[in-house]
Amino acid sequence: MRTPALAQPEAVVSDAAASTGSAGRLSDLPPGSGATIVGLADGAPPSTAHRLADLGFTAGTLVQVVRRAPLRDPVVYRVKDYDLCLRRAQAAHVLIRDAR
Amino acid sequence: MTDAGCHTGAGGGAVDTALPRLALAGSPNAGKTSIFNALTGLHAKTGNYPGVTVSRFVGTLQAGDRRYLIEDLPGTYSLDPISPDEQIMVDVLDGRLDGEAPPDALLVVVDATTLRRSLRFVAQVLRRGLPTCLVVTFTDEMTVRQGQVDLSALQQALGVPVVRVLGNRGQGIDELREQIVRWPTWPTPALPPPDDPAEADAWAESVLSFARYRAPERHRVTQRVDAVLLHPLWGTIVFLAVMVAFFQTVFTLAAPLQGYVETFFGWLSGLVTTHISNPWLAGLLGDAVIGGVGAVLVFVPQIMLLFLLISLLEGVGYMSRAAFLMDRVMARAGLEGRAFVALLSSFACAIPGIMATRTLPSAKDRLATMMAAPLMTCSARLPVYVLLIGLLVDPSARWGPFGAQGLVMFGMYLLGAVSAMTAAWVFKKLGDRSGPLLPFYMEMPPYRIPSARSVLIAVGDSARSFLRKCTTIIAVTTVSLWLLLNLPLHSSADLRAHGVDPGNDTAVSAYVADHSYAAGLGHLVAPVFDPLGFDWRINIGVLSAQSARETFVATLGQVAAAENPDEPAKALKAMKYTHGPHAGQPLFTAPTIAALLVYFAFALQCMATVGIIRRETGGWKWPLIAFGYLTALAWIMAYVARTITALLAG
């Protein structure tokens with residue numbers, strides 16, 4: 001389910017990619033993997049961006065993908081030492097690097 | 001599940017401004033409500049899924065020789081509100097709500113295991129400059145999970161008092177009480193936390209390292225249990241099994257308990273009949289008051305069992321998992337997993353369910369869920385379903401390991417759930433005014449063993465609110481119904497003139513009921529309900545159930561008792577149409593019972609629900625829409641059910 005808002009901020013991704021070597025979106029990470037958050041995509045609606053930051057999705061924070069729901073959405077993430085679930089649509093606003 | 005209606009005197013209203021007022025703030029799941037309960041002794045219910053605290057609770061605390069007002073604010077992650085709840089919380093802090101001044105001091109509750117995230121919120125609160133005390137909960141769980149935090153160092157780093165409290169065990173409450181007494185002398189941070197959100201993380205890390213914080217490991221039990229309960233295959237099977245077991249338990253385990261209650265009221269009613277000589281008074285007391293209230297009290301064991309199971313699932317943390325598993329399914333109806341929790345609450349009662357919609361950030365979601373909630377099979381329908389299914393299905397009939405009655409009951413719950421989802425989808429589609437896009441997020445708390453106290457509070461509260469409904473609305477309805485059924489008075493001469501022997505009690509009561517005001521009313525609405533196969537006696541039941549569904553059972557009980565006071569159940573089965581083209585044929589045939597069951601599944605027969613929708617939406621538009629569409633739907637679906645059953649039955 002791609003919304004126009006998600007398709008837009010390619011520029012931000014490539015900026016991040018330029019400075020870190022590799023970049024992507026949190027929604028693309030498979031369960032069991034982890035990454036460092038680079039920031040939030042420019043196209044994120046303000047209320048979403050605000051709330052994602054409140055919940056701990058801030059630049060420099062480590063994030064791990066814990067588990068996907070049986071129907072693949074939503075996904076449980078571990079961020080700032082606790083577990084939280086987001087839908088893929090929200091996770092797509094979170095930019096990451098160093099997938100490992 | 002939370003029944004804020006129970007806490008009258010706790011929410012809103014006039015607040016004594018002379019007392020110092022302290023507000024509890026913090027994120028959902030931090031344990032605010034347990035602390036609130038421990039401080040005030042008020043039984044506000046706690047739960048282990050986000051958004052349980054949906055309304056404002058105020059209680060008083062007696063500490064030393066002074067009294068304090070303690071206010072429980074809705075859980076929030078931030079002081080930048082994106083939902084109506086959070087707006088309330090910020091308005092209270094800013095003193096913008098109802099012209100009330102801001103609270104005198106704040107108790108900020110944080111879960112030790114989510115400290116790294118919570119400090120951002122703490123920073124926002126500290127910048128407000130109100131006297132603040134940090135209350136740290138779940139330090140026991142922190143230790144178990146190999147985490148560590150030095151609270152005295154944390155106090156030094158933050159510059160405000162820090163108290164450790166284990167809310168569910170009441171540990172640390174005395175220290176917190178002593179701290180509250182000293183609130184005017186609480187220190188404030190020498191240097192307020194940074195204003196710039198970009199610097200918030202650096203500030204939080206410096207505080208954590210000063211407090212020698214070591215992050216807790218993932219909860220091992222939770223990890224292992226989730227591997228099964230959230231597994232694509234096993235998780236789904238467990239979820240379905242939990243739901244089936246849930247309803248089988250409610251239906252089969254409660255039966256013997258109900259038997260005891262029935263026996264007790266039978267005995268009480270018999271006592272009245274033997275000791276009161278005036279037949280009119282004996283009838284009013286025995287049949288109307290004791291019989292009517294008793295017919296409803298019979299269902300208290302079942303309702304308590306239902307709430308016991310719900311609050312156990314909630315307390316353990318399974319509700320969040322259920323919301324997680326159901327999110328994609330709920331998304332089909334345009335809702336989110338948390339709406340599942342609101343709808344599941346409506347299985348107990350639509351009122352807490354509708355109130356729980358406050359946790360949904362989008363107004364569109366809230367309306368859609370509110371319009372759907374009355375379709376979920378609430379506990380008030382249970383008595384009606386039990387009665388009707390008892391008439392429809394042979395109790396010994398089985399299908400595999402399950403009783404057929406239990407399966408039909410499960411089917412009724414399924415019908416409720418499916419229609420609720422459909423209704424939510426329709427209302428979501430209709431209300432296409434595009435609001436701001438609100439994100440979906442939900443905390444997954446670790447599995448916890450709920451304290452017996454919080455479970456008992458939940459069960460007790462539900463029983464209390466149900467009983468209050470019994471003693472007021474239902475008692476008034478049954479007594480006025482008894483009067484309608486027994487008035488006007490007929491003199492012996494009058495009876496004789498119509499060929500009735502005044503000495504024959506059965507004949508007299510049958511004649512009186514048949515010529516009562518109630519019969520007149522039942523006949524008056526007959527054209528509406530005739531196509532559904534209802535006769536005037538069922539019509540009276542349906543009309544009286546308009547205020548509260550449970551009264552249907554009491555009403556039919558009274559009608560049956562008028563015909564055969566010794567064995568009302570038998571009288572009910574033997575009832576025949578007295579008027580119209582079907583006169584003389586059995587009344588409770590399969591098509592009629594099916595139509596009745598379906599009518600009760602859809603109709604909005606609950607004035608309390610209409611009232612709560614009015615309160616939540618701030619006008620009469622939505623309650624009237626809900627009432628209108630549900631009544632029309634009930635009639636149409638009942639007609640369909642009657643036709644199909646008649647075809648199947650041949």
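Residue numbers begin at 1 in each chain, while the letters A, B, ... track the order of the sequences.
Interface check for chain A: of the options B/G147, B/A227, B/A198, B/S118, the most heavy-atom pairs under 4.5 Å are formed by B/A227. Interface remark: of the candidates A/T61, A/V76, A/L55, A/L55 forms the most heavy-atom pairs closer than 4.5 Å to chain B. Between chain A and the options B/L325, B/T114, B/D226, B/V329, heavy-atom pairs under 4.5 Å are most frequent for B/D226. Listed options B/R328, B/Q124, B/H219, B/R117 were ranked by heavy-atom pairs under 4.5 angstrom with chain A; first place goes to B/R117. Ranked by heavy-atom pairs under 4.5 Å with chain A, the first of B/R218, B/R120, B/R321 is B/R218. For the options A/A69, A/P46, A/C85, heavy-atom pairs under 4.5 Å to chain B are most numerous at A/C85.
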> Would A/V94 and A/R25 satisfy side-chain contact (heavy atoms from CB on, under 4.5 Å), going step by step from the backbone distance to the final call?
Replying inline: CA-CA 6 Å; A/V94 181; A/R25 292 170 186 280; over 6 Å; no
>> Show, in sequence, the C-alpha distance, side-chain angles and deciding distance for B/Y318 and B/Y447, and conclude whether the ring pair (Phe, Tyr, Trp, His ring centres under 6.0 Å) test is met.
In response: CA-CA 8 Å; B/Y318 189 70; B/Y447 289 104; 7.5 Å; no
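Separating the CD atom in B/Q146 from the CD atom in B/E217 is a distance of 5.0 Å, to the nearest 0.5 Å. One finds the CZ atom of B/F324 at 11.5 Å from the CG atom of B/L229 (value rounded to the nearest 0.5 Å). Atoms CE and OG1, on B/M444 and B/T222 in that order, are 10.0 Å from each other to the nearest 0.5 Å.
Using a 4.5 Å cut-off between heavy atoms, B/D80 touches chain A through backbone and side chain atoms alike. The contact between A/R78 and chain B is made entirely by side chain atoms (from C-beta outward), counting heavy-atom distances below 4.5 Å. With a 4.5 Å cut-off on non-hydrogen atoms, B/D111 does not touch chain A at all. Heavy atoms closer than 4.5 Å to chain B are found in the side chain of A/R51, but not in its backbone. Only the backbone of A/A59 comes within contact range of chain B, judged by heavy atoms closer than 4.5 Å. Proximity to chain B (any heavy atom under 4.5 Å) is shown, for A/V79, by neither the backbone nor the side chain.
Looking at every heavy atom in both residues, A/A49 comes nearest to A/L40 through O-CD1, 3.4 Å. Taking every heavy atom of both residues into account, B/A153 and B/A211 meet most closely at CB-CA, 3.8 Å.
Here the side chains of B/D150 and B/F210 are not in contact, with every heavy-atom distance at 4.5 Å or above. Side-chain contact between A/Y77 and A/D83 is absent, with no heavy atoms from C-beta onward closer than 4.5 Å.
Taking 4.0 Å as the cut-off between side-chain N and carboxylate O, B/E336 and A/R87 do not count as a salt-bridged pair. Residues B/D195 and B/R127 are paired through a salt bridge, judged by an N-O separation under 4.0 Å between the basic side chain and the carboxylate.
A cation-pi contact links B/R448 to B/F138, judged by a cut-off of 6.0 Å to the six-membered ring centre and 45° from its axis.
Taking non-hydrogen atoms and a 4.5 Å limit, the residue list of residues 230-240 of chain B in contact with chain A, ordered by number, reads B/L230, B/H231, B/P232, B/T236.
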